[in-house]
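A short write-up of the structure that comes next.
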Amino acid sequence: QAQLVESGGGLVQAGGSLRLSCATSGRTFSTYPMGWFRQGPGKERELVAAISWTGGRTYYRDSVKGRFTISRDNAKNTVYLQMNSLKPEDTAVYYCAARRDTTNVLTGEYHYWGQGTQVTVSS
């Protein structure tokens, strides 16, 4: 059974850092593009960052460019999101997801999801 389990969320002051981890199992996620999404209070879910299966290509939404870094370690079946210079508007539930795609397109539909981890940034 495919599983994605996020960890590393928490409460942090503005300007601080957090590192989210997503441990995968049950499928060969190492060959799938992976992404981090978030859903803030009263907001729609949005793609924050994504990475190709080799790690050679990445995507970031404009609001996190220069502050967040996505990476993956396929040997450990884990994807990371390093978040620096956090802002109150980054407060959200963060979800790890995998996209079943052989073309390595990073945007579009994602097919496997974790249960999410809460990130709260205080001002």
Side-chain angles (χ1 to χ4, degrees):
Q1 183 177 353
Q3 277 196 315
L4 292 81
V5 179
E6 303 94 337
S7 61
L11 174 64
V12 64
Q13 288 189 330
S17 298
L18 284 173
R19 188 194 197 201
L20 304 184
S21 298
C22 172
T24 68
S25 62
R27 292 189 68 93
T28 311
F29 288 106
S30 59
T31 61
Y32 290 169
M34 299 291 295
W36 285 96
F37 289 74
R38 68 185 179 189
Q39 186 165 18
K43 298 180 181 179
E44 294 187 354
R45 188 170 59 191
E46 60 187 17
L47 178 62
V48 175
I51 188 166
S52 62
W53 74 271
T54 63
R57 289 199 303 123
T58 57
Y59 162 87
Y60 297 96
R61 69 180 305 104
D62 287 345
S63 59
V64 307
K65 284 181 181 176
R67 301 189 297 124
F68 290 12
T69 303
I70 189 170
S71 61
R72 67 190 298 166
D73 185 338
N74 287 338
K76 295 182 178 180
N77 296 315
T78 303
V79 180
Y80 305 97
L81 185 67
Q82 178 67 44
M83 305 186 295
N84 298 328
S85 302
L86 283 161
K87 304 176 181 179
E89 51 263 43
D90 294 318
T91 294
V93 178
Y94 283 72
Y95 299 91
C96 174
R99 176 173 164 81
R100 188 178 60 241
D101 180 78
T102 59
T103 66
N104 240 345
V105 173
L106 302 183
T107 56
E109 183 181 4
Y110 276 68
H111 304 93
Y112 303 95
W113 294 86
Q115 73 273 44
T117 185
Q118 177 71 45
V119 171
T120 303
V121 184
S122 63
S123 57

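Linking Ile, Leu, Val, Met, Phe, Trp and Tyr whenever their side-chain heavy atoms come within less than 4.5 Å leaves V48 and V93 in two separate clusters. Transitive grouping of hydrophobic side chains (ILVMFWY, heavy atoms separated by less than 4.5 Å) brings V119 and V64 into a common cluster. Under a hydrophobic-cluster definition in which Ile, Leu, Val, Met, Phe, Trp and Tyr are linked whenever side-chain heavy atoms come within less than 4.5 Å, directly or via other members, Y110 and L81 are assigned to different clusters. Taken together through direct or relayed side-chain contacts under 4.5 Å among Ile, Leu, Val, Met, Phe, Trp and Tyr, Y80 and L20 form parts of separate hydrophobic clusters. When the side chains of ILVMFWY residues are joined at heavy-atom separations under 4.5 Å, either directly or via intervening members, F68 and V12 end up in a single hydrophobic cluster.
With rounding to the nearest 0.5 Å, the separation of OG1 in T58 from CZ in R72 is 12.0 Å. The distance from the OG1 atom of T91 to the CD atom of Q118 is 7.5 Å, given to the nearest 0.5 Å. T24 OG1 to N77 CG: the interatomic distance, rounded to the nearest 0.5 Å, is 4.5 Å. To the nearest 0.5 Å, the span separating OG on S63 from NZ on K87 amounts to 8.0 Å. Note that OG1 of T31 and CG of N74 are 8.5 Å apart. Values are rounded to the nearest 0.5 Å.
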- Message: I'd like to know whether L4 forms a side-chain contact (heavy atoms from CB on, under 4.5 Å) with F29, so could you lay out the CA-CA distance, the side-chain angles of the two residues, the decisive distance to 0.1 Å, and finally the verdict.
- Response: CA-CA 10 Å; L4 292 81; F29 288 106; 3.7 Å; yes

- Task: Let me see the working for S52 and L106 under side-chain contact (heavy atoms from CB on, under 4.5 Å), right down to the final yes or no.
- Result: CA-CA 7 Å; S52 62; L106 302 183; 4.2 Å; yes

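Between S123 and A14 the shortest heavy-atom distance is CA-CB, 4.4 Å. What you find for S17 and Q82 is that their closest heavy atoms are CB-NE2, 4.0 Å. When all heavy atoms of Y112 and A2 are compared, the pair lying nearest together is CD2-CB, 3.9 Å. What you find for R99 and G108 is that their closest heavy atoms are NH1-C, 3.4 Å.
If you run side-chain contact (heavy atoms from CB on, under 4.5 Å) between E6 and each of W36, Y94, W113, only W36 comes through. When each of F37, Y60, Y95 is paired with L47, the side-chain contact (heavy atoms from CB on, under 4.5 Å) condition holds for F37 and for no other.
Between Y32 and H111, the closest side-chain pair of non-hydrogen atoms is not below 4.5 Å. Considering only heavy atoms from C-beta on, V5 comes within 4.5 Å of Q115 through its side chain. Side-chain contact between V105 and P33: absent, with no pair of heavy atoms (C-beta onward) separated by less than 4.5 Å.
Under the salt bridge (charged side-chain N to carboxylate O under 4.0 Å, His left out) criterion, D90 pairs with R38, R67, sequence neighbours left out.
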